[in-house]
Amino acid sequence: MTINQTMTQSPPVIDYEGSNYSTEFWNPSREYEDRAERIALRVLLPPRGRRLADIGAGAGRLADLYAGYDEVILMDYARSTVIEARDRWAHDTRFKFVAADLYQLPFADGAFDSVVMVRVIHHIVDVPRALGNIAAALKPGGSFVFEFANKRHLKSMLRYALRRQRWSPFDRSPVEFAALNFDFHPDWMKAQLRHAGFTIRSMRAVSTFRLGALKRLFGARRLAALDGVLQRPLAALAVSPSMFVLNRRPPLAASSLYEEDTGSVFVCPLCRQSLQATADELRCANGHRWSTRDGFYDFKTPL
């Protein structure tokens, strides 16, 4: 894992290029977290639609949950994890595989019915910019299912009370507890979502029982089932380490005109111009060229 600066000096980003994140992090010890997150996503995500983007999809861990969508974009910053996703899901022609930067999304405005972003925002320095980009990529009335790391969870509050943690879980500002690793106060994050133009529709408290002893005692399946039962009632307390939020981009007023996108999902991330396909690349009118070789779209660095 490295920290990189993108091509136009946008904020630094975590790069998992060449890492074994999909197997080393998502190993059997995190089966409970995986099951609990899937429960929340099944409840919050609209079951069908025309087009969905999973931003920070990694190797496509959650892609089996998108069966009701006609077209699915799996995007990650690390090319190597995009290749993993391609190797797992290329048999399904609904999928496209994209290497790109959240700060410079290569998607047309209003391109998606739904966007999913899980375990990504805790690496993001400029949250307003990231959320604004996602809002632009959603069509009016579209859904954004979003997860954030909660600083006001039970374990954090206990550590603070015992003076084993210097930062306060009750302070509303984000805390960077390691380089480019942030936890967020629920009230602060909800304010950012509203500022980006989203309407918050529902929340779920996830992975409440994220303790090794509980996993060993009850097993991942039973612990996740209990987590699922409590996700909705505990959401109001917001004391779980992971919070899932269903947001909507408000629909346009009845008198407003909105033309449904029928063209390409992609635009140039540098100049927002439309792209024309040539052999193994996409090109905009300003001369920016992007590789489409090896079965995926590479928007990280122009050719």
Side-chain angles (χ1 to χ4, degrees), residues 4-11 13 15 17 49-58 60 63 66 69-87 89-90 92-117 120 124 126 129-144 196-197 249 257-303:
N4 286 344
Q5 202 85 16
T6 54
M7 51 199 160
T8 59
Q9 294 301 301
S10 61
V13 296
D15 190 354
E17 184 68 39
R50 180 181 171 220
R51 186 184 286 151
L52 174 145
D54 184 339
I55 295 181
Y66 309 146
Y69 286 82
D70 300 333
E71 184 178 359
V72 178
I73 307 293
L74 299 183
M75 184 198 115
D76 203 89
Y77 187 77
R79 294 182 179 95
S80 58
T81 59
V82 176
I83 291 171
E84 285 187 70
R86 179 201 62 188
D87 292 346
W89 292 102
D92 190 331
T93 58
R94 296 177 304 118
F95 285 87
K96 288 185 171 68
F97 309 96
V98 175
D101 182 357
L102 176 56
Y103 293 121
Q104 295 175 311
L105 288 179
F107 304 130
D109 289 351
F112 298 104
D113 299 89
S114 298
V115 172
V116 173
M117 191 165 78
V120 173
I124 298 300
D126 191 343
R129 178 174 172 181
L131 295 179
N133 287 348
I134 293 169
L138 274 172
K139 72 177 186 180
S143 298
F144 175 37
R249 182 182 173 189
L257 295 177
Y258 172 69
E259 185 175 345
E260 182 79 16
D261 168 51
T262 58
S264 173
V265 64
F266 299 117
V267 295
C268 178
L270 292 181
C271 63
R272 306 297 298 169
Q273 296 294 312
S274 61
L275 295 166
Q276 298 297 319
T278 60
D280 295 328
E281 67 180 58
L282 295 172
R283 183 194 299 259
C284 75
N286 291 323
H288 303 127
R289 298 161 51 226
W290 309 94
S291 173
T292 59
R293 294 178 181 176
D294 300 323
F296 72 93
Y297 299 78
D298 189 348
F299 289 104
K300 283 182 66 175
T301 307
L303 296 171

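Predicted model only: the values in this text are computed from it and were never measured.
Put simply, the side chain of Ile55 reaches to within 4.5 Å of the side chain of Leu105, judged on heavy atoms. At least one side-chain heavy atom of Leu52 sits less than 4.5 Å from a side-chain heavy atom of Val116. Looking at Arg289 and Pro302, their side chains never come closer than 4.5 Å, going by heavy atoms from C-beta outward. Residues Arg51 and Asp70 have side chains not in contact (no heavy-atom distance under 4.5 Å, counting atoms from C-beta outward). Counting heavy atoms from C-beta outward, Phe107 and Phe266 have side chains that approach closer than 4.5 Å. Counting only heavy atoms from C-beta outward, the side chains of Val82 and Lys300 never approach each other to under 4.5 Å. The side-chain heavy atoms of Pro269 and Trp290, taken from C-beta on, include a pair separated by under 4.5 Å. Considering only heavy atoms from C-beta on, Ile134 stays 4.5 Å or farther from Phe112 through its side chain.
Pairing each heavy atom of Phe97 with each of Ala90, the nearest pair is CZ-N, 3.8 Å. Residues Leu138 and Ser143 share a closest heavy-atom pair of CD2-O, 3.5 Å. When every heavy atom of Ala130 is checked against every heavy atom of Ile124, the shortest pair comes out as CB-CG2, 4.0 Å. Shown here for Leu74 and Ala85, the closest heavy-atom pair between the two residues is CD1-CB, 4.2 Å. Across Pro11 and Asp126, no two heavy atoms sit closer than the pair CG-CB, 3.9 Å. Between Ala108 and Ser264, the shortest heavy-atom contact is CB-O, 4.1 Å.
One N or O on the side chain of Glu17 and one on the backbone of Ser80 form a donor-acceptor pair closer than 3.5 Å.
A search for ring pair (Phe, Tyr, Trp, His ring centres under 6.0 Å) contacts involving Tyr66 returns nothing, not counting sequence neighbours. Residues forming a side chain to side chain donor-acceptor pair (under 3.5 Å) with Asn133 (at least two apart in sequence, or on another chain): none. Partners of Arg293 by side chain to side chain donor-acceptor pair (under 3.5 Å), not counting sequence neighbours: none found. A search for ring pair (Phe, Tyr, Trp, His ring centres under 6.0 Å) contacts involving Phe95 returns Trp89, not counting sequence neighbours.
For residues 268-280, the pairs satisfying side chain to side chain donor-acceptor pair (under 3.5 Å) are Asp109-Arg272, with sequence neighbours left out. Pairs passing the salt bridge (Lys or Arg N to Asp or Glu O under 4.0 Å) check and including a residue from residues 73-86, sequence neighbours excluded, read Arg79-Asp298.
Atom CG of Leu303 and atom NE2 of His288 lie 11.5 Å apart (nearest 0.5 Å). For the atom pair CZ of Arg129 and OH of Tyr103, the computed distance is 7.5 Å after rounding to the nearest 0.5 Å. In this structure, CG on Leu275 lies 5.5 Å from CZ on Phe299, to the nearest 0.5 angstrom. For the atom pair CD (Gln104) and SG (Cys271), the distance works out to 11.0 Å, reported to the nearest 0.5 Å.
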Go through the steps for Phe296 and Ile83 under the test side chain to side chain contact (heavy atoms under 4.5 Å, CB included), then give the verdict.
CA-CA 8 Å; Phe296 72 93; Ile83 291 171; 3.7 Å; yes

Between Asp113 and Lys139, does a salt bridge (Lys or Arg N to Asp or Glu O under 4.0 Å) hold up when you go through it step by step?
CA-CA 6 Å; Asp113 299 89; Lys139 72 177 186 180; 2.5 Å; yes

Evaluate the side chain to side chain contact (heavy atoms under 4.5 Å, CB included) criterion for residues Phe144 and Arg249: first the C-alpha distance (whole Å), next the side-chain angles of each, then the deciding distance (0.1 Å), finally the verdict.
CA-CA 8 Å; Phe144 175 37; Arg249 182 182 173 189; over 6 Å; no

